[in-house]
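Every chain is numbered from 1 and lettered A, B, ... according to where its sequence line falls, protein lines coming before strand lines.
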Number of protein chains: 4
Amino acid sequence: MPDENTTIKQLRDLMAAFVFEREWEQFHTPKNLAMSIAIEAAELMELFQWADGKVPLEENKLAALRQELADVIIYCLALANVTGIDISGAVMEKIKMNAGKYPVDRYRGRYE
Amino acid sequence: MPDENTTIKQLRDLMAAFVFEREWEQFHTPKNLAMSIAIEAAELMELFQWADGKVPLEENKLAALRQELADVIIYCLALANVTGIDISGAVMEKIKMNAGKYPVDRYRGRYE
Amino acid sequence: MPDENTTIKQLRDLMAAFVFEREWEQFHTPKNLAMSIAIEAAELMELFQWADGKVPLEENKLAALRQELADVIIYCLALANVTGIDISGAVMEKIKMNAGKYPVDRYRGRYE
Amino acid sequence: MPDENTTIKQLRDLMAAFVFEREWEQFHTPKNLAMSIAIEAAELMELFQWADGKVPLEENKLAALRQELADVIIYCLALANVTGIDISGAVMEKIKMNAGKYPVDRYRGRYE
């Protein structure tokens, strides 16, 4: 699948070009982008507002989810572009931090 | 920067291993992960609740943002893992769709 | 204005009747209602996603805001109904707690 | 319970006084308040992130919920104060609108 051959940088660049062509940098303050991520996250969540969403999801729900997830990630890419945050570094570091916080032998099968 | 050489799949696999080792798949329903993305998005947004967040951000705000952004993305990766959504494909398709919806000559410098 | 003569209980009862008539109590778990509050809060927030929203708001934005605010509050009423929380008591107590946390002489004109 | 004897206006006035004493009107733009509602809604939701929250809730979860619900409502009151929206009118109108949208005989026991 494309995720195997696509770097984070390639997606960032796609988004940067989209924004640049429209001269939308002026709207992309960190505050506005943070709001946008939260708004799109809520739209994604709305798909499961009253239903549990057992996997595998039915086809039309999966298609809607795919679009909403893309929207969340698109604004994450834009926020990373604006602030210069390296996503891979941030994610790897945070997973490592979480691994230290939740040692396997104590948290296997439990989250608290 | 690492984003140049890191594929989406590599980050997905890191997260999948973290979840697998702790046997946390049982908690990772799409509904719970959708909520988790929204919760982390709100924590990210909280950094700009009363302040505008002009770039460049001050150092400690940037460090906090880096962690919160990682949290949002981590749960996006987990949701993609659970549902089998290809992130790159979804993002590329959505940006293309948005490019059609917001033609450059009509939306340059304006978003509505 | 009606707020002067309307008790919280009256609004709670209106919502309770609406839910009862439709036999929707089965969907109104605290988890689902918490999600619903967050979803409606995001829709409210969307009105200010790219714009600042200086008061007085323009008429159609105010009308939209009125509806979105009602949606948030409606689900708050439903959650209070399901859990038996007394809203007035909770709000009065929290404002008192905040007054202790943010003494006037130290926080006048500043929030941190 | 206090909700029986407390008007919306009384709660609004409590919040208005709290804000006025601290000269916080300057921070209470509709945009910032909308963000604040969403942030508090996410904190409320966090109580049910991994757990279902069957009623009756356990005592310490109920106490936490009471505070988080108060936080959401406090910012709703502040937003109503800033914009002059009558909450009771807005809620009554919206419930009436929803009653028209979801007629009892068609939506009894189902939401779609």
Self-check item: CD-OH distance between D/Glu23 and C/Tyr111, expressed to the nearest 0.5 angstrom
Solution: 15.5 Å
Quiz item: Using non-hydrogen atoms only, which part of D/Ile87 is less than 4.5 Å away from chain C: side chain, backbone, both, or neither?
Solution: both
Quiz item: Checking C/Gln67 against chain D: side chain, backbone, both or neither under 4.5 Å from a heavy atom?
Solution: both
Exercise. Name the member of D/Asp105, D/Val72, D/Leu69 that forms the most heavy-atom pairs with chain C at distances under 4.5 Å.
Key: D/Leu69
Quiz item: So does D/Phe27 have more than 12 non-hydrogen atoms from other groups sitting under 6.0 Å from CZ?
Solution: yes
Quiz item: Based on non-hydrogen pairs under 4.5 Å, which of D/Leu77, D/Leu47, D/Asn98 is most in contact with chain C?
Solution: D/Asn98
Quiz item: If you look at every heavy atom in C/Ala70 and D/Ala90, which pair is closest and at what distance?
Solution: CB-O, 3.5 Å
Quiz item: Do the side chains of C/Val91 and D/Ile74 get nearer than 4.5 Å, heavy atoms only?
Solution: yes
Quiz item: Quick one: does C/Asp3's side chain have a donor or acceptor within less than 3.5 Å of a partner on D/Asp86's backbone?
Solution: no
Quiz item: Could you state the interatomic distance from CD1 (C/Ile95) to CG (D/Asp71), rounded to the nearest 0.5 Å?
Solution: 10.0 Å
Quiz item: Tell me, side chain or backbone of C/Gln49 under 4.5 Å from chain D's heavy atoms, or both, or neither?
Solution: backbone
Quiz item: If you count heavy-atom pairs under 4.5 Å between each of D/Glu25, D/Arg110, D/Met35, D/Lys54 and chain C, which one has the most?
Solution: D/Arg110
Quiz item: Quick check: are there more than 12 heavy atoms from other residues, nucleotides or ligands sitting under 6.0 Å from OH of D/Tyr107?
Solution: yes
Exercise. Identify which part of C/Pro30 has an atom lying under 4.5 Å from any heavy atom of chain D, answering side chain, backbone, both or neither.
Key: both
Quiz prompt | Under 4.5 Å from a heavy atom of chain D, the part of C/Tyr75 involved | solution = neither
Quiz item: Can you tell which of C/Arg66, C/Glu68, C/Glu40 has the highest number of heavy-atom pairs within less than 4.5 Å of chain D?
Solution: C/Arg66
Quiz prompt | Heavy-atom contact with chain C under 4.5 Å, split by part of D/Met97 | solution = side chain
Quiz item: Can you find a heavy atom in the side chain of C/Glu4 that is under 4.5 Å from one in the side chain of D/Thr7?
Solution: no
Practice problem: Give the minimum heavy-atom separation between D/Val104 and C/Glu21, together with the two atoms involved. | Solution: CG1-O, 3.5 Å
Quiz item: Are the side chains of D/Thr6 and C/Met92 in touch, meaning some heavy atoms are under 4.5 Å apart?
Solution: yes
Quiz item: Which bit of D/Arg106 is near chain C, if near means a heavy-atom gap under 4.5 Å: side chain, backbone, both or neither?
Solution: neither
Quiz prompt | Minimum side-chain heavy-atom gap D/Leu65-C/Leu79 below 4.5 Å | solution = yes
Quiz item: Does some side-chain heavy atom of D/Met45 sit less than 4.5 Å from a side-chain heavy atom of C/Ile37?
Solution: no
Quiz prompt | Inter-residue atom distance D/Lys94.NZ - C/Phe18.CZ, 0.5 Å rounding | solution = 10.0 Å
Self-check item: Closest-packed option against chain C by number of heavy-atom pairs under 4.5 Å, given D/Ala80, D/Ala17, D/Cys76, D/Pro56
Solution: D/Cys76
Quiz item: Between atom CD1 of C/Ile73 and atom CD1 of D/Ile85, what is the distance when rounded to the nearest 0.5 Å?
Solution: 8.5 Å
Quiz prompt | Residue, of D/Ala38, D/Ala41, D/Gly109, that accumulates the most heavy atom pairs under 4.5 Å with chain C | solution = D/Gly109
Quiz item: If you count heavy-atom pairs under 4.5 Å between each of D/Gly84, D/Ala51, D/Ala42 and chain C, which one has the most?
Solution: D/Ala51
